[in-house]
*Asks:* 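Supplied in structure tokens, the structure appears directly below.
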Amino acid sequence: MPELPEVETVRRTLENYVLNKEIRDIDIFYNKMIRNQSIEAFRNQLIGKKIDRIERYGKHLVFVIDEYALISHLRMEGKYFIKHLEEERNKHEHVIFYFTDDSTLRYQDTRKFGTMDLILYKDLHLNSPIVKLGYEPFNNLLDSKYLKQKLSKKTVAIKSALLDQTIITGLGNIYVDEVLFRCNLNPNMPSNQLKKKDYDNVILYSKQVLEKAINLGGTTIRSYTSSLGVTGRFQNDLLVHTKVGTPCVVCGTEILKTKVNGRGTYYCPNCQK
DNA sequence: GTGACCACCTGGCCGC
DNA sequence: TGCGGCCAGGTGGTCA
């Protein structure tokens with residue numbers, strides 16, 4: 001699924017294709033994808049406008065279109081493609097933006113989990129899904145004091161806490177497994193049992209793992225391949241995620257797969273006691 | 001306030 | 001080969 005590195009890769013790639021293009025028309029084939037506007041209002045507010053820039057907050061892409069912010073969340077399998085006007089629509093393309101130069105931006109989502117919210121840009125940090133997000137690992141405000149405040153009263157498993165986007169934003173199932181392995185933390189450990197060095201390690205390795213993944217263009221696995229022909233290479237650097245049955249790179253113990261609050265979770269039972 | 005559970009959705013996989 | 005059932009999972013809503 002697209003996590004922060006994959007979304008950042010999509011953002012950087014799309015910037016090369018859609019900036020300053022004028023929207024001539026929009027087709028929406030799955031109405032539930034547009035959450036906070038009627039289809040008519042969504043179209044009326046964007047048609048005739050140009051895409052000024054693309055921002056990213058955690059896993060949210062924000063297309064800045066004149067005075068509006070189009071907040072797109074790819075969820076599980078959302079992807080964007082640039083295609084010529086005349087290319088046939090495939091059945092998983094749910095929103096198509098037509099530009100005046102006869103190119104199109106197409107949002108494709110096999111499972112239809114993705115969402116789009118359209119708000120005024122001035123309200124982006126006042127009244128939008130962005131407001132609830134915690135700090136990204138790259139934010140200097142994310143320190144051990146902040147983590148202690150957020151986690152020290154939580155009994156929920158550390159894996160679940162790190163997936164909570166209101167605490168740290170940008171980590172998803174793949175990268176949480178990788179971070180916990182590097183921290184030698186068991187995914188089921190109650191959040192309130194972490195020590196100061198654990199907070200420091202979570203911050204350090206979250207940053208390290210995400211930075212490397214961004215540099216490698218994200219991770220390409222069965223449930224996610226990037227758009228526009230961009231393929232990530234971080235899957236070659238995964239140490240535990242999807243490695244069930246293979247020896248741990250540190251101690252040689254067989255990597256196990258379990259479930260933590262319903263999420264598939266990979267870990268080394270020896271390194272992550 | 002917290003945590004558990006469910007719905008959303010469809011392709012892939014497995015067993016029969 | 002075809003069918004049914006299960007699994008995958010980020011997020012928001014509901015309920016205890």
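In the text below, chain A, chain B and the rest are named by the order of the sequence lines, each starting its count at 1. Bear in mind that the values here come from a model prediction, so they are computed numbers and not experimental data.
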*Asks:* If you draw the axis of the six-membered ring of A:Phe97, does the NZ or CZ of A:Arg106 fall within 45° of it and under 6.0 Å from the ring centre?
*Replies:* no

*Asks:* Mind listing the residues from residues 185-196 of chain A sitting with a heavy atom below 4.0 Å of DNA chain C? Number order is fine.
*Replies:* none

*Asks:* A:Asp177 CG to C:dG10 P: how many Å, rounded?
*Replies:* 10 Å

*Asks:* If I take atom CD in residue A:Glu77 and atom P in nucleotide B:dG12, what distance separates them, rounded to the nearest angstrom?
*Replies:* 9 Å

*Asks:* What's the CD1-C1' distance between A:Ile130 and C:dT11, to the nearest Å?
*Replies:* 14 Å

*Asks:* How many whole angstroms separate atom CE of A:Met116 from atom C1' of C:dT11?
*Replies:* 16 Å

*Asks:* Which part of the nucleic acid does A:Lys259 contact within heavy-atom distance under 4.0 Å: base, sugar-phosphate only, or nothing?
*Replies:* sugar-phosphate

*Asks:* In whole angstroms, how far is the C1' atom of B:dT2 from the CD1 atom of A:Ile167?
*Replies:* 11 Å

*Asks:* Which residue pairs pass the salt bridge (Lys or Arg N to Asp or Glu O under 4.0 Å) test with at least one member in residues 145-171 of chain A, sequence neighbours excluded?
*Replies:* A:Lys159-A:Asp177

*Asks:* Mind checking side chain to side chain donor-acceptor pair (under 3.5 Å) for A:Gln108 and listing every partner two or more places apart, or none if nothing turns up?
*Replies:* A:Asn90

*Asks:* Kindly say whether A:Arg182 contributes a backbone atom to a donor-acceptor pair with the side chain of A:Asn201 at under 3.5 angstrom?
*Replies:* no

*Asks:* Just how far, in rounded Å, is C1' of C:dT11 from CZ of A:Arg35?
*Replies:* 8 Å

*Asks:* Are A:Tyr266 and A:His241 an aromatic pair by the rule of ring centers under 6.0 Å?
*Replies:* yes

*Asks:* Using links of under 4.5 Å between side-chain heavy atoms of ILVMFWY residues, direct or through other members, which residues join A:Leu256 in one cluster?
*Replies:* A:Tyr267

*Asks:* Through direct or indirect side-chain contacts below 4.5 angstrom among Ile, Leu, Val, Met, Phe, Trp and Tyr, which residues connect to A:Val64?
*Replies:* A:Tyr57, A:Val62, A:Ile71, A:Ile119, A:Tyr121, A:Leu124, A:Ile130, A:Leu133

*Asks:* Below 3.5 Å between N/O atoms, which protein atoms pair up with nucleotides 3-6 of chain B? Just atom names and distances, please.
*Replies:*
unit_1, atom_1, unit_2, atom_2, d
B:dG3, OP1, A:Thr155, N, 2.7
B:dG3, OP1, A:Thr155, OG1, 2.9
B:dG3, OP1, A:Val156, N, 3.3
B:dG3, OP2, A:Lys154, NZ, 3.0

*Asks:* Are OP1 or OP2 of C:dG10 and a side-chain N or O of A:Gln165 less than 4.0 angstrom apart?
*Replies:* no

*Asks:* Can the ring centroids of A:Tyr80 and A:Phe63 be said to lie less than 6.0 angstrom from one another?
*Replies:* yes

*Asks:* A:Leu163 has an atom CG; how far is it from atom P of B:dT2, in whole Å?
*Replies:* 17 Å

*Asks:* Suppose the criterion is salt bridge (Lys or Arg N to Asp or Glu O under 4.0 Å): which pairs have a residue in residues 247-259 of chain A, not counting sequence neighbours?
*Replies:* none

*Asks:* In degrees, rounded to 10°, what is the bend between the two ends of the helix from B:dT2-C:dA16 to B:dC16-C:dG2, using five pairs at each?
*Replies:* 50°

*Asks:* Any side-chain N or O of A:Lys132 under 4.0 Å from OP1/OP2 of C:dT11?
*Replies:* no

*Asks:* For nucleotides 8-10 of chain B, give me every protein contact, N/O to N/O, under 3.5 Å, one pair per line with atom names.
*Replies:*
unit_1, atom_1, unit_2, atom_2, d
B:dC9, OP1, A:Tyr30, OH, 2.3
B:dC9, OP1, A:Lys32, NZ, 2.7
B:dC9, O4', A:Arg111, O, 3.3
B:dT10, OP1, A:Lys112, NZ, 2.8

*Asks:* Does any pair with a residue in residues 131-140 of chain A pass salt bridge (Lys or Arg N to Asp or Glu O under 4.0 Å), and if so which ones, sequence neighbours excluded?
*Replies:* A:Arg56-A:Glu136

*Asks:* Show me the pairs that pass side-chain hydrogen bond (donor to acceptor under 3.5 Å, both in side chains) and involve residues 188-198 of chain A, at least two apart or across chains.
*Replies:* A:Lys196-A:Asp200

*Asks:* Nearest nucleotide by nearest heavy atom, which residue falls closer to the 5' end of DNA chain C, A:Lys257 or A:Pro129?
*Replies:* A:Lys257

*Asks:* Would you kindly give the CD-to-C1' distance between A:Gln149 and B:dG1, to the nearest whole Å?
*Replies:* 14 Å

*Asks:* May I ask you to decide if A:Leu171's main-chain N or O and A:Glu3's side chain share a donor-acceptor pair within less than 3.5 Å?
*Replies:* no

*Asks:* Which ring-ring contact (aromatic ring centres under 6.0 Å, His included) pairs, counting each pair once, include a residue from residues 146-166 of chain A, with sequence neighbours left out?
*Replies:* A:Tyr135-A:Tyr146

*Asks:* If we ignore hydrogens and angles and just use 3.5 Å, is the side chain of A:Glu15 paired with the main-chain N or O of A:Arg11 as donor and acceptor?
*Replies:* no

